[in-house]
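Written out below as structure tokens is the structure these notes cover.
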Amino acid sequence: MWGLLPLYWHLLASTGAWEVLAHRMVWSLPTALLILVLVRRWSWIRPLLRQPRRLGLVALSAALISVNWYLFIWAVSVGRVLEASLGYFINPLITIAIGVLLLRERLRTAQWAAVGIGVLAVVVMGVAYGQVPWLSLTLSVTFAAYGLVKKQTALDGLEGFSADSALQFLPALGFLVWLSARGESSFAAEGVGHALLLAGAGLATALPLIFFGAAAVRIPLSTVGLMQYIAPSTMFLLGVLAFNEEMPPERWIGFLLVWTALCVLTWDALRQARRGRVALRAARAAARTDRDPAAAAALPARR
């Protein structure tokens, strides 16, 4: 669903990116409230309101995702879907860099290699464009920073989406009222279908996020990481096949380097997950033998 969002925003190309963003924010709140009513999940709101620090983090996450949303909508409207997809391909590498720089995490050799290849890809793209690929980098940095802040707020997908939407609602509504007062709003000017598409932006935003949150607690994290490549891959295919964006050799080289880095990361993640499973099985076997000395004495004979 995330990968197909460019098709949705493309249908709203006649509306400016700022107005689409404002509608996305305004209609996200009633969508979130409806879902909260259906699942009867309100207990997290009162503790959040009593913690100014967490509220500040929610405000920061709302600001970061707002910038990310605007740039993505704008990228679709000006025919730069491939650059947007590159940003989400780079995102895992930026997340690793944030872990090293801010959280003092240590990288394995394969992770360092992947980051190095990713940096080389950005250099190649910069030379190809004649400038730093700012759109891709800003999309990846804002989304990675958003993930970091969300980790600090300790809210799940639905709760975090609802909190962000609550803070975005009034500024977005004020902007739409101002547009209407100036006679520049497209909501009622381009037919019922266009109005429904703008109103549906909230649902288009909420559903993939909620499904993601529901899946993340049911499947292994390594699987989640692998499946997150589906969205930028779909965006890339849309950019090439549906929107007919140019792919000169330099851009192919840059993308191939990024894909190589992601392959290295994936291989390393799968290897670590396999080692973790082996260690867990060994620990469980050791615990069983500790509880049953007779079984432990029989082990040499069995071997």
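Quick note: numbers below take in every heavy atom, side chains included, and nothing from hydrogens, waters or symmetry partners. Note that the structure is a prediction, hence the values are computed from the model and not measured. For reference, positions follow the sequence shown, starting with 1.
Using a 4.5 Å cut-off on side-chain heavy atoms (C-beta onward), Glu159 and Leu48 make no contact. Side-chain contact check for Thr205 versus Trp69: some heavy-atom pair is nearer than 4.5 Å. Val149 has its side chain out of reach of Tyr146: every pair of non-hydrogen atoms, C-beta onward, lies at least 4.5 Å apart. Side-chain contact between Val26 and Phe175 is absent, with no heavy-atom pair separated by less than 4.5 Å. Side-chain contact between Leu176 and His23 is present, with at least one heavy-atom pair separated by less than 4.5 Å. Considering only heavy atoms from C-beta on, Leu82 stays 4.5 Å or farther from Met235 through its side chain. For the pair Arg80 and Phe72, the minimum side-chain heavy-atom distance is 4.5 Å or more. Between Ser28 and Phe161 the shortest side-chain heavy-atom distance falls below 4.5 Å.
Interatomic distance, CG of Leu5 versus OG1 of Thr234, reported as 10.5 Å (0.5 Å rounding). The line from CD of Glu19 to CG of Leu179 is 5.5 Å long, rounded to the nearest 0.5 Å. Of the inter-residue distances, the one linking Leu29 atom CG with Leu170 atom CG reads 8.5 Å to the nearest 0.5 angstrom. We find the OH-CD1 distance between Tyr8 and Ile73 to be 10.5 Å, quoted to the nearest 0.5 Å. To the nearest 0.5 Å, the span separating CG on Leu49 from CG on Leu55 amounts to 6.0 Å. Here the straight-line distance linking atom CD1 of Ile65 with atom CG of Leu60 works out to 11.5 Å at 0.5 Å rounding.
Ser162 approaches Ala32 most closely through the heavy-atom pair OG-CB, 3.5 Å. Here the closest heavy-atom approach between residue Asn91 and residue Ala144 is recorded as OD1-N, 3.3 Å. Closest approach of Ser185 to Ser180, counting heavy atoms only: CB-OG, 3.6 Å. The shortest non-hydrogen separation linking Gly160 to Leu155 is N-CB, 3.8 Å. For the pair Trp42 and Leu33, the tightest heavy-atom approach, listed with the atom from each and the gap, is CH2-O, 4.3 Å. Closest non-hydrogen pair, Leu238 versus Gly3, comes out as CD1-O, 3.4 Å.
Ser77 and His10 share no donor-acceptor pair across their side chains, judged by distance under 3.5 Å alone. Under the 3.5 Å distance criterion, with hydrogens and angles disregarded, a donor-acceptor pair is assigned to the side chains of Asn68 and Thr142.
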* Chi angles and distances behind the side chain to side chain contact (heavy atoms under 4.5 Å, CB included) call for Met25, Ser165 -> CA-CA 6 Å; Met25 292 175 173; Ser165 300; over 6 Å; no
* **Stepwise side chain to side chain contact (heavy atoms under 4.5 Å, CB included) test for Trp74 and Leu135** => CA-CA 10 Å; Trp74 176 80; Leu135 176 60; 4.3 Å; yes
* To do: Go through Phe243 and Leu7 one step at a time and tell me if the side chain to side chain contact (heavy atoms under 4.5 Å, CB included) criterion holds.
  => CA-CA 9 Å; Phe243 302 132; Leu7 293 174; 4.1 Å; yes
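Using a 4.5 Å cut-off between side-chain heavy atoms of Ile, Leu, Val, Met, Phe, Trp and Tyr, with links allowed through other members, Trp267 and Trp112 fall into different hydrophobic clusters. One hydrophobic cluster, built from ILVMFWY side chains closer than 4.5 Å, cannot hold both Leu34 and Leu36; they sit in different ones. Under a hydrophobic clustering in which Ile, Leu, Val, Met, Phe, Trp and Tyr are joined whenever their side-chain heavy atoms come within less than 4.5 Å, directly or via other members, Val39 and Ile45 fall into the same cluster. Under a hydrophobic clustering in which Ile, Leu, Val, Met, Phe, Trp and Tyr are joined whenever their side-chain heavy atoms come within less than 4.5 Å, directly or via other members, Leu241 and Leu86 fall into the same cluster. By the criterion of side-chain heavy atoms lying less than 4.5 angstrom apart, applied directly or through intervening Ile, Leu, Val, Met, Phe, Trp or Tyr residues, Val192 is not grouped with Leu197; the two fall into different hydrophobic clusters.
Among pairs with a residue in residues 44-61, none fulfils salt bridge (Lys or Arg N to Asp or Glu O under 4.0 Å), at least two apart in sequence or across chains. Contacts classified as side chain to side chain donor-acceptor pair (under 3.5 Å) and involving residues 55-67 (residues at least two apart or in different chains) are given here: Ser61-Asp164, Ser66-Gln168.
Ring geometry for Phe255 versus Phe236: interplanar angle of 30 to 60°, hence tilted. Relative orientation of the Phe89 and Trp259 rings is perpendicular, given thresholds of 30° and 60° on the angle between their planes.
Remark: the backbone N or O of Val81 is paired with a side-chain donor or acceptor of Glu245 at under 3.5 angstrom.
Heavy atoms of other residues, nucleotides or ligands lying less than 6.0 angstrom from CH2 of Trp134 number more than 12.
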